[in-house]
2 protein chains.
Amino acid sequence: MGIKDDAVEVRAQGWRTLAALHGNIVAALEKALQSAADLSVVEYTVLDALSRQDGWHMRMQQLARATALSSSATTRLVNRLEDRGLLARILCADDRRGIYTELTEAGQKLLLAARPVHDETLAESLTAAESVPELEPLVKALGALQGA
Amino acid sequence: MGIKDDAVEVRAQGWRTLAALHGNIVAALEKALQSAADLSVVEYTVLDALSRQDGWHMRMQQLARATALSSSATTRLVNRLEDRGLLARILCADDRRGIYTELTEAGQKLLLAARPVHDETLAESLTAAESVPELEPLVKALGALQGA
DNA sequence: CAAAAGTAGTTGCTTGCGCAATTACATGGC
DNA sequence: GCCATGTAATTGCGCAAGCAACTACTTTTG
């Protein structure tokens, strides 16, 4: 049964590595986006998700899934961004329970300003993680994902 | 410059995948550990980190790094676990600023009960993620990490 | 050896999150 | 067509997180 136990330990170790890398990246992005655009990581995620959506509108639920947030958190997140004029709520006619969100011009503008900061910080984080023995293999594996 | 831009997009995509997988796993672990042992994921992480430490004691700062938490959050996290009798604070003589934390017997016992739940939930999450096209390659890469 | 600078941990305050309950709308059975 | 069941989004509430300010101790420096 040693083999099975090993598999468990390998998974746990992989998970710790994943969590550590995730934590590092989030911390770096949080700081960078905050100071550059007054955005949190989830806020950036929303703007980015909306921009990569055809027609630029998404329902609350999709947003919740895209951000791994609860519905209530999503509601308030959208509130914050709406109050800042970065996106707009649009009720859709065919299903009157549903609400679409859409980037405003200000939102697109801010996103365009924030994206380079985001991408650069991400690159830096990954580079930094490459020189941490614990994290290096995962970073490499990550880089090889789409490269196939 | 198309090549460079591609690299940026690949990194961003990889990051989104990583974040999504991380979110799924955390959500699953949170629910499972909560109902099985009344522990949050960070709380479990602390107990687990302490148990895997030789001599079973760590300083607050190490704990903060291990959990990717701020010092203040670590203080209160340790408070919670101490109040529940799962770990104990021990001031160390050589540096009277420092505080060691150590698992109590109750803490070890709870950890032993929680660990199978944790490992099983982790395995389930990864299996579930394998059938999500977006996530599948990363899960495989993760499994191949230590297997080398 | 005394003052300055640095480090470890804790506390006050604000903010954002999840859960459960609620409102508003949609849909399936009869 | 009408009631029961289900889904979308929002609100009340409690809790845990981060930041900044603070205390206590250590180390450096002149």
Side-chain angles (χ1 to χ4, degrees), chain A residues 19 22-35 38-47 57-84 86-102, chain B residues 19 22-35 38-47 57-84 86-102:
Chain A
H22 180 270
N24 283 359
I25 295 176
V26 165
L29 287 179
E30 202 75 56
K31 209 186 307 188
L33 290 173
Q34 194 64 48
S35 82
D38 194 30
L39 287 174
S40 71
V41 172
V42 265
E43 286 166 353
Y44 176 87
T45 301
V46 166
L47 299 187
H57 63 302
M58 282 174 89
R59 297 183 68 135
M60 300 293 286
Q61 300 268 6
Q62 296 178 265
L63 242 47
R65 268 195 307 272
T67 55
L69 244 50
S70 68
S71 322
S72 61
T74 307
T75 292
R76 292 183 243 251
L77 175 51
V78 166
N79 282 345
R80 291 198 300 273
L81 296 174
E82 190 181 27
D83 288 348
R84 285 175 62 182
L86 300 176
L87 56 77
R89 275 183 168 89
I90 301 181
L91 358 126
C92 58
D94 54 319
D95 183 346
R96 292 191 351 206
R97 294 168 303 181
I99 292 190
Y100 287 122
T101 50
E102 185 177 292
Chain B
H22 180 269
N24 283 0
I25 296 177
V26 166
L29 287 178
E30 202 75 56
K31 211 187 306 189
L33 290 173
Q34 193 65 48
S35 83
D38 195 28
L39 287 174
S40 70
V41 172
V42 266
E43 286 166 352
Y44 176 88
T45 302
V46 166
L47 300 186
H57 62 303
M58 281 175 88
R59 297 183 68 136
M60 301 293 286
Q61 298 269 6
Q62 297 177 265
L63 242 48
R65 268 194 307 272
T67 55
L69 243 50
S70 67
S71 323
S72 62
T74 307
T75 291
R76 291 183 244 251
L77 174 52
V78 167
N79 283 345
R80 290 198 300 273
L81 296 174
E82 190 182 25
D83 288 348
R84 285 175 62 181
L86 301 176
L87 55 76
R89 275 182 167 89
I90 301 180
L91 358 126
C92 57
D94 54 319
D95 183 347
R96 293 189 354 205
R97 294 167 303 181
I99 292 188
Y100 287 121
T101 50
E102 185 177 291

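Letters A, B, ... mirror the listed sequences (proteins, then strands); counts begin at 1. Everything quoted here is computed from the prediction, not taken from an experiment.
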Review item, nucleotides 19-23 of chain C N/O atoms under 3.5 Å of protein N/O:
| unit_1 | atom_1 | unit_2 | atom_2 | d |
| --- | --- | --- | --- | --- |
| dC19(C) | N4 | S72(A) | OG | 2.8 |

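- Per the geometry, CE belonging to M58(B) stands 16 Å off C1' belonging to dG9(C), to the nearest Å.
- For A66(B) against M58(B), the heavy-atom pair with the smallest separation is CB-CE, 4.4 Å.
- To the nearest angstrom, P of dT15(C) lies 13 Å from CD of E43(A).
- Listed here is the closest heavy atom pair of T75(A) and R89(A): O-NH2, 3.5 Å.
- The CG-P distance, from L39(A) to dG16(C), rounds to 12 Å in whole Å.
- In this pair, H57(A) and Y100(A) present their aromatic rings perpendicular. The plane angle is above 60°, beyond the 30 to 60° band.
- If you take CD of E82(B) and P of dT10(C), they are 9 Å apart, rounded to a whole angstrom.
- Of the residues near DNA chain C, T74(B) and A68(A), the one whose nearest nucleotide (by heavy atom distance) lies more toward the 5' end is T74(B).
- In this structure R84(B) satisfies the side chain to side chain contact (heavy atoms under 4.5 Å, CB included) test together with D38(B), L39(B), E43(B), L86(B), L110(B), sequence neighbours excluded.
- Residues forming a side chain to side chain contact (heavy atoms under 4.5 Å, CB included) with A73(A) (at least two apart in sequence, or on another chain): L69(A), S70(A).
- Side-chain contact between T101(A) and M60(A) is present, with at least one heavy-atom pair separated by less than 4.5 Å.
- Atom-to-atom, CG of D94(B) to C1' of dT7(C) comes out at 14 Å; the value is rounded to the nearest Å.
- Using a 4.5 Å heavy-atom cutoff, the side chains of V78(B) and V46(B) are not in contact.
- The closest side-chain heavy-atom distance from R59(A) to R65(A) is not below 4.5 Å.
- Protein atom CD of Q61(B) is 8 Å distant from nucleotide atom C1' of dG9(C), rounded to whole Å.
- In terms of position on DNA chain C, the residue among S71(A) and I99(B) whose nearest nucleotide sits closer to the 5' end is I99(B).
- The distance between atom CG of N79(A) and atom P of dT15(C), rounded to the nearest whole Å, is 15 Å.
- In 5' to 3' order, the nucleotides of DNA chain D bounding all contacts with chain B (an atom under 4.0 Å from a heavy atom) are dA16(D) to dT26(D).
- Note that the two end axes of the helix from dC1(C)-dG30(D) to dC30(C)-dG1(D) enclose an angle of 30°, each drawn from 5 base pairs, rounded to 10 degrees.
- Residues T67(B) and L63(B) come closest through the heavy atom pair OG1-O, 2.8 Å.
- Note: CZ (R80(B)) to C1' (dT10(C)) measures 15 Å, nearest angstrom.
- What you find for H22(A) and A19(B) is that their closest heavy atoms are CD2-CA, 3.9 Å.
- Considering only residues two or more places apart in sequence or on other chains, A64(A) meets the side chain to side chain contact (heavy atoms under 4.5 Å, CB included) condition with T74(A).
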